[in-house]
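Quick caveat: nothing in here was measured; it's all calculated off a predicted structure. Proteins get letters first, then strands, A, B, ... in listed order; numbering begins at 1 in each.
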Amino acid sequence: MAFYLKNPRNIINNLKSKVGLWSLMKQSHSTCCYSSCLNTIHLHRFLPLTTLPQFTNPESISHKKGHFPHFQRFQSTTTEKQIDSVPNDEHNQVLDFPGGKVVFSPEMRFLSESPSVYSQCYRVLDDAGQLISHSNFVPVSEEVAVKMYSNMVTLQTLDTIFYEAQRQGRISFYVTSIGEEAINIASAAALTSDDIVFPQYREPGVLLWRGFTLQEFANQCFGNKADYGKGRQMPIHYGSNKLNYFTVSSTIATQIPHAVGAAYSLKMDKKDACAVTYFGDGGTSEGDFHAAMNFAAVTESPVIFICRNNGWAISTPTSDQFRSDGIAVRGQAYGVRSIRVDGNDALAMYSAVRSARQMAVNEHRPILIEAVTYRVGHHSTSDDSTKYRPADEIEWWRMARDPVTRFRKWIEINGWWGSEAESQLRSSIRSQIAERAEKPPVNDLFTDVYDNIPSNLREQEKLLKETINRHPKDYPADVPI
Amino acid sequence: MGLRNIIGRRLGLGLVRRRKPFSTATCDGDGNGNAKSINLYSAINQALHIALETDNRAFVFGEDVSFGGVFRCTTGLADRFGKARVFNTPLCEQGIVGFGIGLAAMIVNEAAKFRYRSGNQFNCGGLTIRAPYGAVGHGGHYHSQSPEAFFCHVPGIKVVIPRSPRQAKGLLLSCIRDPNPVVFFEPKWLYRLAVEEVPEHDYMLPLSEAEVIRQGSDITLVGWGAQLSVMEQACNEAEKDGISCELIDLKTLLPWDKETVEASVRKTGRVLISHEAPVTGGFGAEISASIVERCFLRLEAPVARVCGLDTPFPLVFEPFYMPTKNKILDAIKATVNY
């Protein structure tokens, strides 16, 4: 439940150290009014059971999750400080409805459909890579910063290699992440290797950061016998249980509720880890997004939702996708803390994700991060985006707003990088990949449908082998029988 | 159900919906008038242009329809009929269908039961849902599926699948004008590759009427969509071995034309059904059970089914998964020699 305060500044200052959000709260905030409270941090107020009226009817208690064991299950491990209640005068009476606490008012005022100011977007580096004054961010060591930059460059190289391979017909399909390198790498850098990732499909950089090799990417794209996915899926559908990165599926937004369930499990097992899920602006229109956000809030699960708002869902611009002021504003609708970040600012991304992780794990709460960016590449190799957007717009974002160049400027300013290091990096990135022509054996068609192969599949496998013997020419030579 | 399952190429829930009832008189689209050689997506595009032209309460909306669609089926519609009638929707299949049902009937709820549960006070008959389906050579799990069997299990909707451009145009116009909600599956594989002479005028092909597209006397083959061309190749080869095959395009799966299939089975005494979807629980099972019920004493051999395997649709193993010409040919011979 959101709780509106008359003097947010005082109370927030008072609570800074106690709630552990001080590093985020340097923003100025307007006084509370119904329609533009977006800048104010809304603190979740936790209602202990005892303040509710005691009903004898057990149904009404359970309606409030009153059964003690259930109640315990959803309780945060750190109880938050009770906020002073609103002064109880005749116009501002607070009343408990089963549906929530309300504050009455005789003035009829509708909540505006849009804020009077756009929700703020957190950024720390300007377009020239200079640190903005009065910015606050989580410091990054030289080692981590250089690793971040190198990974961003490697991701760009990866995209170039595989895009070319698709154009040459060596792989059937590819999806680039051009323009979203900072989101990929900086978010990955801010997580730990124990954090479980549920990607959409434009986040290979997270795998790259965790150590997936160029060859491992290639194996999946070529569907060869070293592919962990056993050649079953289209290219870019990577997965690695070792690196805690759930296998990509083409379906949009289905991974979001999965992440919430996984986060809940981590909480139950008291792990020092969270779940992280990525999706685009289009994905937020799916019912699964709504379900996931709501479940995450109610179950108090340590999950980070990262929305890559890159302006396009294939050909559909955000104006056809939603009319809210972006995605971050939706967090409040579900009781989820949220932030809007410049997705092309690697340092801001790193800071936001790092802080989000801390809150998620320590406070058992979901966090929504909206990273605004631009999809520089086409949606995929099956798309030609010049059909629905101007070519010069694409070029401008590719050149003038490139997140990789921007971060490079910052590390150069710090004296951590130079042109020699740059040329060394570029030349050292191995662009040789072995295609390893042999595919997985045909037996892998039938395995893993279930844990054991059921009788109908055994029978089908037998019949298939007979068919192959009769008509060998119908079948590709590179799949071992 | 996973209708949202395509990267890039959305199951373009292109929805078409119209509000006025339309005469179901049909002409069969043969012969007279101008005809041009066009492919499947162009034929569908023509049908949509005609639908919007002839009914000013018709709309087309869904994922990426505005710029022309990921398979080009909605090219030119937004420019010609305007953004109020042809528009992108947010990325949400349940929302698209729900919105479509409401627009078709002015109250929001599930399409199939709409008429029935209201005692025919309300209906959303003007709703047609278009979706691509089927194997495409490299689609993997989510871009090769044939989910028609799910929908055939829902009384109250119709399920229609065209085999070619000329069929697609006429059937789509019938679907749009049919006073029942319809799901129209378009074989992705054929969007570009299938080319045929298609009359340029407005014509409709009847729903729930199967078509015997090849006469024969030894065995009846039943199929739909892109699979028919594979079956036809098998029929040609079987002929060289002296087996005369009758091939039927079901066209409408729900409600399906039992009479035409039965009449054929009474003639041949043998039947083989083929579809890309997995064999277990596939629509072939319904056809088989029905034929056995009604033609038991006439049957000379068990009903054969040559279908996809009971696995998710695999990428590199696609050639092994598919019901190929040779698998069908082997089954034809086995059935005839039973």
Exercise. Verify the neighbour count for atom CH2 of Trp312(A): are there more than 12 heavy atoms of other residues, nucleotides or ligands below 6.0 Å?
Key: yes
Practice problem: State the NZ-CG distance between Lys83(B) and Asp320(A), to the nearest 0.5 angstrom. | Solution: 7.5 Å
Self-check item: pair Ser249(A)-Tyr142(B): side-chain heavy atoms closer than 4.5 Å
Solution: yes
Practice problem: Please determine, among Thr324(B), Thr311(B), Val279(B), the option with the most heavy-atom pairs under 4.5 Å with chain A. | Solution: Thr311(B)
Self-check item: Lys439(A), NZ atom: more than 12 neighbouring heavy atoms under 6.0 Å
Solution: yes
Quiz item: Measuring heavy-atom distances to chain A, does Ser66(B) have an atom under 4.5 Å in its side chain, in its backbone, in both, or in neither?
Solution: neither
Self-check item: Closest contact, heavy atoms only, Tyr475(A) versus Pro319(B)
Solution: CE2-O, 3.3 Å
Practice problem: Find out whether Val316(B) and Pro440(A) are in side-chain contact, i.e. whether some heavy atom of one side chain is under 4.5 Å from a heavy atom of the other. | Solution: yes
Quiz item: Can you tell me how far CE of Met234(A) sits from NE2 of His143(B), rounded to the nearest 0.5 angstrom?
Solution: 5.0 Å
Quiz item: With a cut-off of 6.0 Å (strictly less than), are more than 12 heavy atoms of other residues, nucleotides or ligands near CD of Glu164(A)?
Solution: yes
Self-check item: Close side-chain approach of Asp444(A) and Phe317(B), heavy atoms under 4.5 Å
Solution: yes
Quiz item: Quick one: are Leu309(B) and Leu445(A) in side-chain contact, heavy atoms under 4.5 Å?
Solution: yes
Practice problem: Could you check which of Pro317(A), Gly231(A), Pro476(A) has the highest count of heavy-atom pairs closer than 4.5 Å to chain B? | Solution: Gly231(A)
Quiz prompt | Gap separating the CE atom of Met322(B) from the CG atom of Asp474(A), nearest 0.5 angstrom | solution = 12.0 Å
Self-check item: Side-chain heavy atoms of Val449(A) within contact of Asp310(B), under 4.5 Å
Solution: no
Quiz prompt | Interface moiety of Phe313(B) toward chain A, non-hydrogen atoms closer than 4.5 Å | solution = backbone
Quiz item: Taking everything shown except Arg192(B) itself, do over 12 heavy atoms lie less than 6.0 Å from its CZ?
Solution: no
Exercise. Give, as side chain, backbone, both or neither, the part of Ile481(A) having an atom under 4.5 angstrom from any heavy atom of chain B.
Key: side chain
Quiz prompt | chain A contact via Thr280(B) - which portion, at a heavy-atom distance below 4.5 Å | solution = side chain
Self-check item: Nearest atoms (heavy-atom pairs only) where Ser285(A) meets Cys92(B)
Solution: O-CB, 3.2 Å
Quiz item: Residue by residue, which of residues 461-468 of chain A have a heavy atom closer than 4.5 Å to a heavy atom belonging to chain B?
Solution: Leu464(A), Thr467(A), Ile468(A)
Quiz item: Is atom CZ of Phe295(A) surrounded by more than 12 heavy atoms (other residues, nucleotides or ligands) closer than 6.0 Å?
Solution: no
Quiz prompt | Nearest-0.5 Å distance that lies between atom NZ in Lys387(A) and atom OG1 in Thr75(B) | solution = 8.5 Å
Quiz item: Where is the tightest heavy-atom contact between Ser172(A) and His138(B), given as atom of each residue plus distance?
Solution: CB-CB, 3.8 Å
Quiz prompt | Pairs involving residues 326-338 of chain B, ordered by first then second residue, that meet salt bridge (charged side-chain N to carboxylate O under 4.0 Å, His left out) (sequence neighbours left out) | solution = Arg470(A)-Asp330(B), Asp241(B)-Lys333(B)
Quiz prompt | Closest non-hydrogen atom pair, Gly283(A) against Leu91(B) | solution = N-CD1, 4.0 Å
Practice problem: Can you measure from CZ (Arg232(A)) to CG (Leu315(B)) and round to the nearest 0.5 angstrom? | Solution: 11.5 Å
